[in-house]
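Some notes on the structure that comes next.
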Amino acid sequence: MQQTYAIIGLGRFGSSLLEALIEANQEVMAIDKDPERVEDYMEIATHAVIADAQEEEALVELDLTSFDHVVVCIGHNQQASILTTILLKDLGVHNVIAKAENKLHARVLDKVGADQVVRPETEMALRLAEQLMSPNLLSFINLGDEYALGEIKVANLRFTNKTIAELDVRQKYGLTIVVIKSQGKVTVLPGPDTMIEIGDTITVVGTHKDVQRFEETIDNVK
């Protein structure tokens, strides 16, 4: 489904996000006060505008309340990031996502009304750490304070040539298998009779602890 996005700040994170959204055929307005950065994305973004997001009049003229999502990607200038977030919420922007540089910055952004706060460097580091420590954990997505989604490659023979019902993952590990990828075929919400083979990739949902415990079991090939 196509949605509308406004990205404020065209640094490394903002520009990468813009390119990913455009590649996914989304409508994106790029905003930065640096004319050179804006010019770089004139041919890529749906719209590219030179504007200082710390000026309320400039934000009003951009009609940002009409966008589905507004992402504040301002870099190391935390004051500008915080002020921009305040102005956007005061103007009535529905969904403001703000990038934080550190824990304190994240706390302040949350306090001033950001609907979602992201710390991409920290999140990427945690994801990489999980992958380095757990080679069969292909991806790990935090769903909140308690729950997570894990994509795990089956490398344990004890888990192969058996159905979901036979493995009884829900009872033994507290997890729900939501997707199975097998030889290029993707099965969403597989039934209890679905067979799991060596090399399959399964996506499970459960608590952080249960996902990690299950991955450790899968990883143990003895």
Side-chain angles (χ1 to χ4, degrees), residues 1-129 140-149 208:
M1 181 176 68
Q2 190 178 61
Q3 298 191 66
T4 56
Y5 299 80
I7 295 178
I8 301 175
L10 299 175
R12 285 179 297 179
F13 177 68
S15 58
S16 296
L17 177 62
L18 183 153
E19 291 172 1
L21 289 170
I22 289 294
E23 190 171 339
N25 296 316
Q26 302 299 305
E27 291 189 21
V28 185
M29 175 185 282
I31 305 165
D32 201 291
K33 66 179 182 180
D34 185 338
E36 292 185 1
R37 285 185 175 179
V38 173
E39 186 176 354
D40 287 341
Y41 291 93
M42 282 284 190
E43 302 297 324
I44 300 174
T46 310
H47 305 285
V49 181
I50 302 169
D52 187 345
Q54 296 181 78
E55 297 179 358
E56 186 171 5
E57 290 183 2
L59 296 179
V60 171
E61 290 179 3
L62 293 173
D63 189 26
L64 294 178
T65 56
S66 66
F67 285 77
D68 295 314
H69 312 279
V70 178
V71 190
V72 181
C73 302
I74 297 173
H76 300 298
N77 189 339
Q78 295 183 23
Q79 179 178 333
S81 166
I82 294 165
L83 179 57
T84 299
T85 301
I86 293 172
L87 290 174
L88 290 169
K89 294 309 296 182
D90 284 349
L91 289 173
V93 175
H94 173 65
N95 187 31
V96 177
I97 303 163
K99 172 182 177 289
E101 294 293 311
N102 50 51
K103 288 184 179 179
L104 180 58
H105 188 198
R107 286 172 56 191
V108 174
L109 288 169
D110 182 63
K111 291 289 186 183
V112 300
D115 298 285
Q116 183 179 346
V117 178
V118 296
R119 295 178 59 197
E121 291 87 356
T122 300
E123 292 167 9
M124 181 59 72
L126 291 174
R127 187 175 300 178
L128 178 59
F140 184 88
I141 300 175
N142 190 346
L143 300 177
D145 293 336
E146 185 177 358
Y147 291 92
L149 183 149
H208 293 190

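Residues: numbered from 1 along the sequence shown.
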**Prompt:** Run the side-chain contact (heavy atoms from CB on, under 4.5 Å) check on V70 and N95 step by step: do they pass?
**Reply:** CA-CA 6 Å; V70 178; N95 187 31; over 6 Å; no
**Request:** Might you point out which heavy atoms bring A100 and V117 nearest each other, and give the distance in Å?
**Result:** CB-CG1, 3.7 Å
**Request:** May I have the step-by-step check of side-chain contact (heavy atoms from CB on, under 4.5 Å) for Q78 and N102, ending in yes or no?
**Result:** CA-CA 10 Å; Q78 295 183 23; N102 50 51; 3.2 Å; yes
**Message:** Using modelled atom types and a 3.5 Å cut-off, is there a donor and acceptor pairing between side-chain atoms of H208 and backbone atoms of Y147?
**Reply:** yes
**Prompt:** Between E27 and Q2, is any pair of side-chain heavy atoms under 4.5 Å apart?
**Reply:** yes
**Complete:** Rounded to the nearest 0.5 angstrom, the CZ-CD distance for R119 and E101 is 9.5 Å
**Prompt:** Once you round to the nearest 0.5 Å, how far does CD of E55 lie from CG of L83?
**Reply:** 10.0 Å
**Asked** Do I31 and L62 come within less than 4.5 Å of each other through their side chains, counting heavy atoms only?
**Response** yes
**Message:** Counting neighbours of CD on E43 that are heavy atoms of other residues, nucleotides or ligands and sit closer than 6.0 Å, is the number greater than 12?
**Reply:** no
**Prompt:** Do T65 and H94 get their side chains close enough for a donor-acceptor pair, meaning under 3.5 Å?
**Reply:** no
**Message:** Looking at D63, is its backbone amide N or carbonyl O close enough to the side chain of S66 to form a donor-acceptor pair, meaning the two atoms are under 3.5 Å apart?
**Reply:** yes
**Asked** Which value, rounded to the nearest 0.5 Å, describes the distance between D32 atom CG and Y41 atom OH?
**Response** 10.0 Å
**Prompt:** Which atom pair, heavy atoms only, marks the closest approach of L17 to C73?
**Reply:** CD2-SG, 4.3 Å
**Message:** Test your reading of the model: is there a side-chain donor-acceptor pair from Q26 to the backbone of A24, 3.5 Å cut-off?
**Reply:** yes
**Request:** Hey, could you give me the NZ/CG distance between K111 and L109, rounded to the nearest 0.5 Å?
**Result:** 12.5 Å
**Request:** Determine the sole option in L88, I7, I97, V118 for which the side chain to side chain contact (heavy atoms under 4.5 Å, CB included) test with V72 is passed.
**Result:** L88
**Complete:** Correct closest heavy-atom pair for V93 and K89 would be O-NZ, 3.0 Å
**Request:** Would you please test L91 and L59 for side-chain contact (heavy atoms from CB on, under 4.5 Å) and show each step?
**Result:** CA-CA 8 Å; L91 289 173; L59 296 179; 3.6 Å; yes
**Request:** Without swapping roles, check the side chain of T46 against the backbone of M29 for a donor-acceptor pair under 3.5 Å.
**Result:** no
**Non-hydrogen atoms of K33 and I50 that approach each other most closely** = O-CG2, 3.9 Å
**Request:** Give, for atom NZ of K99 and atom OG1 of T85, the distance between the pair rounded to the nearest 0.5 Å.
**Result:** 12.0 Å
**Request:** Mark yes or no for whether D68, through its side chain, and T4, through its backbone, hold a donor-acceptor pair below 3.5 Å.
**Result:** yes
**Prompt:** Just by distance, do the side chain of D115 and the backbone of V96 share a donor-acceptor pair under 3.5 Å?
**Reply:** yes
**Message:** Between T84 and A80 (side chain of the first, backbone of the second, donor and acceptor by atom type, cut-off under 3.5 Å), is there such a pair?
**Reply:** yes
**Fill in**
When every non-hydrogen atom of A48 is compared with those of M42, the smallest separation belongs to CB-SD, 3.8 Å
**Message:** Ignoring hydrogens, what is the shortest heavy-atom contact between A45 and I22? Give both atom names and the distance.
**Reply:** CA-CD1, 4.1 Å
**Spacing of L10 atom CG and E19 atom CD [to the nearest 0.5 Å]** = 10.0 Å
**Request:** Could you walk me through whether H105 and I82 pass side-chain contact (heavy atoms from CB on, under 4.5 Å), step by step?
**Result:** CA-CA 8 Å; H105 188 198; I82 294 165; 4.0 Å; yes
**Item:** Backbone of F13 reached by a side-chain donor or acceptor of S16 within 3.5 Å
**Value:** no
